[in-house]
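Everything on this sheet refers to the single structure shown next.
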Amino acid sequence: VLVQYFPTSACLGFGWAMFDHDLIDYPGKIGNSVGYNTLDGKIYAKGCPCITFASHLETFITAGDCIGTGINYEQNIIFWTKNGSFFAECNLRSTLERDQFSNLESSDVCYPVIA
């Protein structure tokens with residue numbers, strides 16, 4: 001996603017959600033979702049903050065940046081990119097045990113979400 005406009009006080013969340021995720025908050029903050037939050041530089045999963053994988057300064061989003069997220073099904077990892085470089089990842093097996101996201105398969109239906 002190419003960021004066209006992003007004020008310094010704004011917050012952006014982007015990540016992945018299962019089909020039954022309620023779209024009333026940032027991905028990762030509620031429901032069956034995982035997301036990176038630009039306000040505090042943390043990854044959230046089902047409402048709980050995970051380990052911070054990158055400093056807030058390294059991942060500060062500005063207009064003109066191209067941000068993205070993807071899933072490595074083989075390693076069960078969700079990752080985030082900025083301008084083509086990886087800056088964060090979340091190992092779903094260790095983060096979300098006994099959860100819908102903990103054993104993702106390529107046939108599972110999950111959607112990219114941005115808020």
Side-chain angles (χ1 to χ4, degrees):
V1 173
L2 178 62
V3 178
Q4 296 291 325
Y5 173 75
F6 195 73
T8 56
S9 60
C11 179
L12 178 69
F14 60 108
W16 294 89
M18 302 300 279
F19 71 93
D20 60 348
H21 174 66
D22 193 357
L23 299 175
I24 63 169
D25 207 340
Y26 296 106
K29 292 285 188 148
I30 61 167
N32 292 319
S33 63
V34 176
Y36 179 82
N37 187 300
T38 63
L39 191 62
D40 59 11
K42 292 184 180 177
I43 296 170
Y44 289 84
K46 293 190 74 171
C48 299
C50 303
I51 298 170
T52 302
F53 291 91
S55 78
H56 183 60
L57 293 177
E58 291 173 352
T59 56
F60 188 76
I61 306 296
T62 59
D65 285 340
C66 186
I67 57 171
T69 181
I71 300 174
N72 179 329
Y73 287 100
E74 201 169 286
Q75 296 179 2
N76 220 31
I77 291 174
I78 291 181
F79 58 88
W80 289 265
T81 62
K82 175 183 166 186
N83 298 324
S85 298
F86 293 96
F87 72 82
E89 69 178 30
C90 179
N91 183 318
L92 299 174
R93 286 191 182 101
S94 62
T95 304
L96 301 170
E97 292 180 18
R98 299 176 305 280
D99 184 86
Q100 270 185 298
F101 274 101
S102 65
N103 291 300
L104 277 177
E105 296 181 11
S106 58
S107 61
D108 289 336
V109 178
C110 52
Y111 302 95
V113 180
I114 189 166

Task: Member of Val113, Ile114, Val1 meeting the side chain to side chain contact (heavy atoms under 4.5 Å, CB included) criterion with Phe14 - done: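 Between Phe14 and the candidates, side chain to side chain contact (heavy atoms under 4.5 Å, CB included) is satisfied uniquely by Ile114.
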
Minimum-distance pair of heavy atoms, taken over all atoms of [X] and [Y]:
{"X": "Leu12", "Y": "Ile67", "answer": "CD2-CD1, 3.3 Å"}
{"X": "Thr69", "Y": "Gly15", "answer": "CG2-O, 3.9 Å"}
{"X": "Gly41", "Y": "Tyr36", "answer": "CA-OH, 3.2 Å"}
{"X": "Ile71", "Y": "Phe79", "answer": "N-CE2, 3.7 Å"}
{"X": "Phe87", "Y": "Lys82", "answer": "CD2-N, 3.6 Å"}
{"X": "Gly28", "Y": "Ser33", "answer": "N-OG, 2.7 Å"}

- [ ] Applying side chain to side chain contact (heavy atoms under 4.5 Å, CB included), run through Trp80 and Cys90 and close with a yes or a no.
- [x] CA-CA 9 Å; Trp80 289 265; Cys90 179; 3.9 Å; yes

TODO: Taking Asn37 for its side chain and Leu39 for its backbone only, find out whether a donor-acceptor pair lies under 3.5 Å.
DONE: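 Checking the backbone N and O of Leu39 against the side chain of Asn37, a donor-acceptor pair under 3.5 Å is found.
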
Open item on the list: Please determine whether residues Tyr44 and Ile77 belong to a single hydrophobic cluster, defined as Ile, Leu, Val, Met, Phe, Trp and Tyr linked transitively by side-chain heavy-atom distances below 4.5 Å.
Closed with: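 No, it is not one cluster - the side chains of Tyr44 and Ile77 are not joined through contacts under 4.5 Å.
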
